[in-house]
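Data block below; observations after.
Just the heavy atoms: all of them, side chains too, but no hydrogens, waters or symmetry mates, feed the values below. For ligands, and for the atoms within them, numbers begin at 1 and follow the listed sequence.
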Amino acid sequence: MAVFGIFGVKTENVASSTYYGLYALQHRGQASCGIVVNDDGVFHAYKDSGLVNEVFTHRLLKELGLGQMALGNVRYGTSKSKERVNAEPILINHVKGKMAISHDGALVNYAELRREFEMQGCIFHTTNEAEVIACAITRERITAPSIEEAINRAMDKLKGGYSLMVMSPQKLIAARDENGLHPLCYGVRDDGEYVISSESCALNTVGAKFVREIDPGEIVVFTKEGIKSIRDHCDKKPERLCVFEYLYTARPDSDIDGCSVHLARKRAGKFLAKAHPVEADVVIGAPDSGIDAAIGYAEESGIPYGLGLIKNKYIGRTFIDPGQNVREDKVKIKLNPVPETIKDKRVILVDDSIVRGTTCVRVVKLLRDAGAKEIHIRSSAPEFLNPCYYGTDIGSKDELIACKYSAEEMAKIFGADSVGFLPLEDVFKLGAPGNCKGYCAACFNGEYPTDIPVEQKNKYEQKISDNKN
Ligand code: AMP
C-alpha cells in the first residue's frame with residue numbers, strides 16, 4: 001500500500017500530479033487506487049479496483065479538475081479486502097466538517113478497536129482499517145481544538161505499523177507510527193508545492209526535491225501558514241523500519257532512511273556471496289527485485305552477472321490465468337529464459353525471497369529446460385519463519401516453506417543443486433550505517449516490535465484460510 005499527497009496554495013492540476021505519483025508507487029499495491037482533489041475546500045473524488053492507468057482515464061482526471069491539494073492511495077488486497085468498497089482514500093463527513101484519509105500498513109489492534117467502536121453504535125461500511133482510523137480521529141475531533149490534535153490523540157489508540165495521510169478542507173497532514181515501520185517522506189517543488197509520499201521515487205517523478213523523512217511518531221501538518229511538526233509520539237518507542245522494504249517492497253530508485261534501496265539490495269547480495277559461495281559460470285537475478293542483489297553477488301564473488309530471465313513488463317492484474325487445461329505455460333508467459341546465458345552453464349539464481357517456494361520450483365524447471373548444468377538458488381532474504389501483522393502479505397506458518405524444510409531439503413524439492421539464505425545478522429546491516437536506529441525483522445526472527453493481540457492473530461489465521469477457500 002502507498003500514500004501520496006500534494007499541498008500547494010496556487011490552483012494547479014493536482015489530480016494529474018497525483019496520478020503520476022501513484023503510478024510511480026504502483027509496485028506497493030495493485031488491487032485498487034483513488035484520488036481526492038481539494039478545490040477551496042470542495043472535495044472531488046474517484047476510486048476503483050484496478051491499476052492506476054486502468055482506473056484513471058484522461059477524461060476522469062479532467063473531471064477531477066484543478067485544486068490546491070490532493071490525496072491518493074494505491075492498495076493491495078487479499079480476497080475479501082480487495083473489494084471495491086475498500087479502495088482508498090476514504091471520505092468522511094463528521095460533525096466538524098469533512099476529511100479524506102489514506103494509509104499504508106496494518107493495525108495490530110484493528111479488531112479490538114472496531115469492536116469497541118461498534119459497541120458504542122458506530123457503523124462501518126468497509127473492512128478497511130482506514131475507516132477505523134478515521135473513526136478514532138473523528139471521535140477525538142469532537143473535543144479536540146484542531147484536526148491535527150485529534151490525530152495526535154487518536155494515535156494513543158492506534159497500535160501497529162502505519163503511514164497515514166489526512167486531508168481536511170484547509171490542511172494536509174502526514175503521520176507515522178511510533179516505531180516508523182513503513183516509510184514516509186516529503187519533498188518540495190520549485191513552485192513551492194509540497195509533495196508527501198510513501199517512497200522518494202514518486203517525488204522525483206513529479207519534480208519534487210526530497211526534503212526529509214517524517215520521523216517515527218511524528219505528525220507533520222501542511223497549511224497555508226507553513227509546516228508544523230507535532231512530536232508528542234516521537235522517541236516513545238525504538239525505531240523499527242521494516243527491513244523487507246529494503247529487500248523487496250520498495251523500488252530500487254527510492255532512498256529510505258538515507259540509504260538507496262538499490263545499494264541495500266546490492267549489499268544483501270554481497271553478504272550472500274560471502275555466506276554461501278559456490279563455483280559457477282554466471283549469476284542471474286529473478287526479475288525484478290532479485291536483480292540488484294544478483295549484481296551484488298556477482299561483484300563480491302567475481303562471477304560474471306548475466307541476463308538470464310526476462311519478465312514480460314505488461315503482466316499486471318489483468319493477467320488472464322490460462323488454467324490447467326490449456327497448452328500455454330503460465331510461467332513462460334510471465335518469465336522466459338535467455339538460453340545464451342543459461343545453456344550448459346552452472347547458474348547462480350538470486351531471488352529476493354523464498355516464501356512458499358512455488359516460484360523456485362517453476363523457475364528451476366525453466367532453467368533446466370533451457371539447458372542449465374547446475375542451479376544454485378540464493379535468497380537475499382533470510383528464511384521466512386513468521387507472519388507479518390504490519391501490512392506485508394506473508395503467509396501463515398503452515399504456508400512458509402522454511403518452517404517445514406531445511407535448505408538441503410528445499411534444494412531437493414525445487415530440483416536445485418543447492419539453496420542458501422542471507423544470514424539473519426546481515427539484514428541489520430543493509431541500510432546506511434548510523435542512519436536507521438533499528439529494523440523490524442519479525443518475519444525472520446519473530447521479534448515483533450508491538451504486542452500482537454490474540455484477536456488479531458485469530459483474524460489473521462481466518463484471513464489466510466479465507467484465501468485458501
Ligand atoms: P514464493 O513463490 O511463495 O516462494 O514467493 C517468493 C516470490 O514472491 C519472490 O520471488 C518475491 O519476489 C515475491 N514476494 C515476496 N514477498 C511478497 C509479498 N509480500 N507479496 C507478493 N509477492 C512477494
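Against a heavy-atom cut-off of under 4.0 Å, Arg356 is close to the following atoms of ligand 1: 1 (P), 3 (O), 4 (O). Counting atoms of ligand 1 from 1 in the listed order, those under 4.0 Å from a heavy atom of Gly357 are 1 (P), 3 (O), 4 (O). Atoms of ligand 1 found under 4.0 Å from any heavy atom of Ser289, numbered from 1 in the order shown, are 12 (O). Less than 4.0 angstrom separates some heavy atom of Thr392 from each of these atoms of ligand 1: 19 (N). Each of the following atoms of ligand 1 lies closer than 4.0 Å to a heavy atom of Thr359: 1 (P), 2 (O), 5 (O), 6 (C), 7 (C).
Across all their heavy atoms, Pro387 and Leu400 have their closest contact at N-CD1, 4.5 Å. Across Ser163 and Val3, no two heavy atoms sit closer than the pair O-CG1, 4.0 Å.
Nearest to atom 12 (O) of ligand 1 by heavy-atom distance, out of Asp352, Ile354, Leu400, Ile394, is Asp352. Comparing Ser379, Ser353, Cys360 by heavy-atom distance to atom 6 (C) of ligand 1, the nearest is Ser353.
The ring of Tyr389 has its center no closer than 6.0 angstrom to the ring center of Tyr110.
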Practice task
Check step by step if side-chain contact (heavy atoms from CB on, under 4.5 Å) holds for Phe56 and Ile35.
Solution key: CA-CA 9 Å; Phe56 290 98; Ile35 298 176; 3.6 Å; yes
Exercise for the section: Could you check Phe7 against Val14 for side-chain contact (heavy atoms from CB on, under 4.5 Å), going step by step and ending with a plain yes or no? Expected result: CA-CA 9 Å; Phe7 179 91; Val14 283; over 6 Å; no
Practice task
Go through the steps to decide whether Lys429 and Arg267 satisfy the test side-chain contact (heavy atoms from CB on, under 4.5 Å), and finish with yes or no.
Solution key: CA-CA 8 Å; Lys429 302 181 220 155; Arg267 236 170 255 148; over 6 Å; no
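Note that the CG atom of Asn445 and the CZ atom of Phe428 stand 5.0 Å from one another [nearest 0.5 Å].
Residues Arg378 and Ser418 bring a donor and an acceptor atom of their side chains to less than 3.5 Å of each other.
Looking at ligand 1, you'll find an N or O of Thr358 within less than 3.5 Å of one of its N or O atoms. For the pair Phe244 and ligand 1, the shortest N or O to N or O distance does not fall below 3.5 Å.
The closest side-chain heavy-atom distance from Ile90 to Met99 is not below 4.5 Å.
Here the protein heavy atom with the shortest distance to atom 10 (O) of ligand 1 is Asp351 OD2, 2.8 Å. Counting only heavy atoms of the protein, atom 20 (N) of ligand 1 lies nearest to Tyr248 OH, 3.8 Å. The closest protein non-hydrogen atom to atom 19 (N) of ligand 1 is Asp393 O, 3.0 Å.
Both the backbone and the side chain of Val355 come within 4.0 Å of ligand 1, judged by heavy-atom distances.
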